[in-house]
There are 2 protein chains.
Amino acid sequence: MRSLSDRIEKYLKVLIERSENEEVEIQRIELAETFRCAPSQITYVLATRFTASEGFITESKRGGGGFIKIRKFPLDENSVKTGISETQAENTLQDLKNSGFLTGREAFLLREILGREVLDPASDESDYVRFKILHKVMKLIKEMEGQWDVL
Amino acid sequence: MRSLSDRIEKYLKVLIERSENEEVEIQRIELAETFRCAPSQITYVLATRFTASEGFITESKRGGGGFIKIRKFPLDENSVKTGISETQAENTLQDLKNSGFLTGREAFLLREILGREVLDPASDESDYVRFKILHKVMKLIKEMEGQWDVL
DNA sequence: TAAGTAAAGGTCAAAGAAGGTCAAAGGAGA
DNA sequence: TCTCCTTTGACCTTCTTTGACCTTTACTTA
């Protein structure tokens with residue numbers, strides 16, 4: 001018998017799969033009501049099944065009109081071929097910062113590196129380099145998993 | 001479900017987009033009536049979504065015939081092509097100073113750097129350099145968000 | 001012209017509406 | 001039984017919305 005967490009996980013992954021852009025936006029309370037559980041249960045599922053090492057980014061806002069957004073990393077074979085634009089790179093960095101995987105300064109530095117001043121914005125070559133750099137960053141996040149200080 | 005603030009923000013941004021000169025002028029009470037909310041709600045939206053670090057400047061006047069004017073910084077892709085004149089640069093610096101994002105000395109220094117003695121006023125190349133410098137400044141303001149001292 | 005009034009916008013604190021955290025209790029399998 | 005994963009609930013933090021009260025500006029009137 002699968003647990004509640006498993007069912008919520010499955011439910012969210014189906015939503016993401018069916019989405020156009022590999023992401024889904026929910027309201028914690030609403031989802032909790034749907035599954036008739038405590039809101040913190042949703043937080044738990046996110047924390048255990050939608051981690052960066054699983055390839056997910058989550059973003060949220062509190063207060064009125066609050067939400068939780070779950071997004072899958074753009075790190076599939078497709079991205080390797082098409083590359084990543086400056087804007088996509090910035091969005092990803094923003095996500096990583098918001099999720100606490102990068103500090104403000106780290107994100108800042110990377111943004112500068114990936115920016116137009118360094119990489120010609122109108123070049124496919126640049127997009128590919130951008131992808132390679134970001135891919136490395138993601139890999140580091142995955143592998144280090146909270147042990148950055150060992151560097 | 002998006003919040004009232006989100007809807008008002010969207011509304012104003014559409015107005016700005018449709019305008020000729022990237023600015024819009026409204027009356028607080030009128031807009032509040034349109035959205036059936038307290039006038040201070042409008043002030044809140046301005047304070048949270050139309051900040052300088054978001055690329056906006058607001059200006060207002062009280063009393064009879066009062067108004068609120070919202071302007072977008074001239075720092076979009078278009079500016080990249082056309083560059084920024086010395087006068088435009090000065091206006092932007094003035095705005096940044098008035099909004100409290102730059103101190104008097106900082107604005108002064110930048111004004112000197114961007115001025116005619118350093119950058120030939122009759123050169124497209126200069127306009128482009130001016131844009132790049134200002135853009136960097138804005139970016140720093142945005143990224144550092146009150147944490148300049150960490151550098 | 002000085003004083004008063006009406007018509008704006010500004011401020012700020014409190015209430016409301018989300019999501020976050022964490023420790024403790026509950027369960028399932030080794 | 002012991003351990004590890006789930007589930008819950010009390011309490012916290014952040015963002016939104018409102019309303020009472022303040023300040024500024026334009027207009028009117030003695």
Side-chain angles (χ1 to χ4, degrees), chain A residues 1-13 15 23-54 56-71 94-95 97-101 104 145-146, chain B residues 1-13 15 23-54 56-71 98-100 145-147:
Chain A
M1 179 54 166
R2 270 159 57 222
S3 69
L4 217 204
S5 289
D6 288 338
R7 283 189 289 122
I8 296 175
E9 174 192 6
K10 189 73 187 293
Y11 175 80
L12 288 173
K13 284 185 172 161
L15 285 190
E23 72 177 39
V24 64
E25 191 175 311
I26 56 155
Q27 287 208 273
R28 198 176 72 144
I29 287 184
E30 207 178 75
L31 191 55
E33 273 164 4
T34 301
F35 282 90
R36 262 176 272 276
C37 63
S40 52
Q41 176 82 42
I42 307 301
T43 308
Y44 175 74
V45 172
L46 260 43
T48 55
R49 284 128 159 109
F50 292 85
T51 62
S53 53
E54 300 283 336
F56 293 94
I57 291 278
T58 63
E59 200 182 334
S60 68
K61 204 173 79 168
R62 304 184 183 188
F67 63 82
I68 296 178
K69 195 193 286 184
I70 310 169
R71 179 136 49 114
Q94 190 65 45
D95 285 343
K97 199 184 93 180
N98 290 342
S99 310
F101 289 106
E145 194 83 50
Chain B
M1 175 62 95
R2 268 162 56 221
S3 66
L4 217 204
S5 290
D6 289 338
R7 284 189 287 122
I8 296 175
E9 173 192 8
K10 189 81 185 291
Y11 176 80
L12 288 173
K13 284 186 173 163
L15 284 190
E23 72 177 40
V24 64
E25 192 176 311
I26 56 156
Q27 288 208 276
R28 198 176 72 143
I29 287 184
E30 206 178 77
L31 190 56
E33 273 165 4
T34 300
F35 282 90
R36 262 176 273 276
C37 64
S40 52
Q41 176 82 42
I42 307 300
T43 307
Y44 174 75
V45 172
L46 260 42
T48 55
R49 284 130 158 107
F50 291 85
T51 62
S53 54
E54 299 283 337
F56 295 92
I57 292 280
T58 62
E59 202 180 332
S60 68
K61 206 174 75 167
R62 304 183 183 188
F67 63 84
I68 296 179
K69 195 192 287 184
I70 310 169
R71 183 148 42 110
N98 291 341
S99 309
E145 196 85 49
Q147 299 183 41

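Quick caveat, the model's predicted, so the values are computed rather than measured.
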(request) May I ask you to test the B:Ile26-B:Leu12 pair for a side-chain heavy-atom distance under 4.5 Å? (result) yes
(message) Would you say that A:Leu15 contacts A:Ile70 through its side chain, given a criterion of any heavy-atom pair below 4.5 Å between the two side chains?
(response) no
(request) Go through the structure and list residues passing ring pair (Phe, Tyr, Trp, His ring centres under 6.0 Å) with A:Phe67, not counting sequence neighbours. (result) none
(message) Can you list everything that forms a ring pair (Phe, Tyr, Trp, His ring centres under 6.0 Å) with B:Phe50? Sequence neighbours excluded, please.
(response) B:Phe56
Identify whether any heavy atom of [X] sits under 4.0 Å from a base atom; if not, whether one sits that close to sugar-phosphate; answer base, sugar-phosphate or nothing.
| X | result |
| --- | --- |
| B:Ile68 | sugar-phosphate |
| B:Ser40 | base |
| A:Leu4 | sugar-phosphate |

(request) For A:Ser3 and A:Arg49, work out which heavy atoms get closest and say how close. (result) OG-NH2, 4.1 Å
Rounded to the nearest 0.5 Å, what's the gap from [atom1] on [X] to [atom2] on [Y]? Could you check?
| X | Y | atom1 | atom2 | answer |
| --- | --- | --- | --- | --- |
| B:Tyr44 | B:Ile8 | OH | CD1 | 11.0 Å |
| A:Thr34 | A:Gln27 | OG1 | CD | 10.5 Å |
| A:Thr58 | A:Leu46 | OG1 | CG | 5.5 Å |
| A:Leu31 | A:Ile29 | CG | CD1 | 11.5 Å |

(message) If the condition is side-chain contact (heavy atoms from CB on, under 4.5 Å), which residues does A:Glu23 pass it with, not counting sequence neighbours?
(response) A:Asn21, A:Lys69, A:Arg71
(message) At a heavy-atom distance below 4.0 Å, which nucleotide of DNA chain D is the first touched by chain B, and which is the last?
(response) D:dC15 to D:dA26
(message) Any residue in residues 30-37 of chain B with a heavy atom nearer than 4.0 angstrom to DNA chain D? Just list them by number, or reply none.
(response) B:Cys37
Whole Å only: how far is the [atom1] atom of [X] from the [atom2] atom of [N]?
| X | N | atom1 | atom2 | result |
| --- | --- | --- | --- | --- |
| B:Lys69 | C:dG10 | NZ | C1' | 19 Å |
| B:Ile29 | C:dG10 | CD1 | C1' | 12 Å |
| A:Arg2 | C:dA28 | CZ | P | 16 Å |
| A:Phe67 | C:dA18 | CZ | C1' | 11 Å |

Residues 35-43 of chain B, side-chain donor-acceptor partners within the protein, below 3.5 Å, at least two apart:
from    : atom 1 : to      : atom 2 : distance (Å)
B:Gln41 : NE2    : B:Ser5  : OG     : 2.8
B:Thr43 : OG1    : B:Arg28 : NH1    : 2.7

(request) With sequence neighbours excluded, give me every side chain to side chain donor-acceptor pair (under 3.5 Å) pair touching residues 59-68 of chain B. (result) none
(request) Using heavy atoms to find the nearest nucleotide of DNA chain D for A:Thr48 and B:Tyr44 separately, return the residue whose nucleotide is more 5′. (result) A:Thr48
(request) Compute the angle between the rotation axes at the two ends of the helix from C:dT1-D:dA30 to C:dA30-D:dT1, each taken over five pairs, rounded to 10 degrees. (result) 0°
(request) Applying side chain to side chain donor-acceptor pair (under 3.5 Å), name anything that partners B:Lys13, two or more places apart in sequence or on another chain. (result) B:Glu9
Identify the pairs formed between an N or O of the protein and an N or O of nucleotides 1-7 of chain C at a distance under 3.5 Å, and give each distance.
none

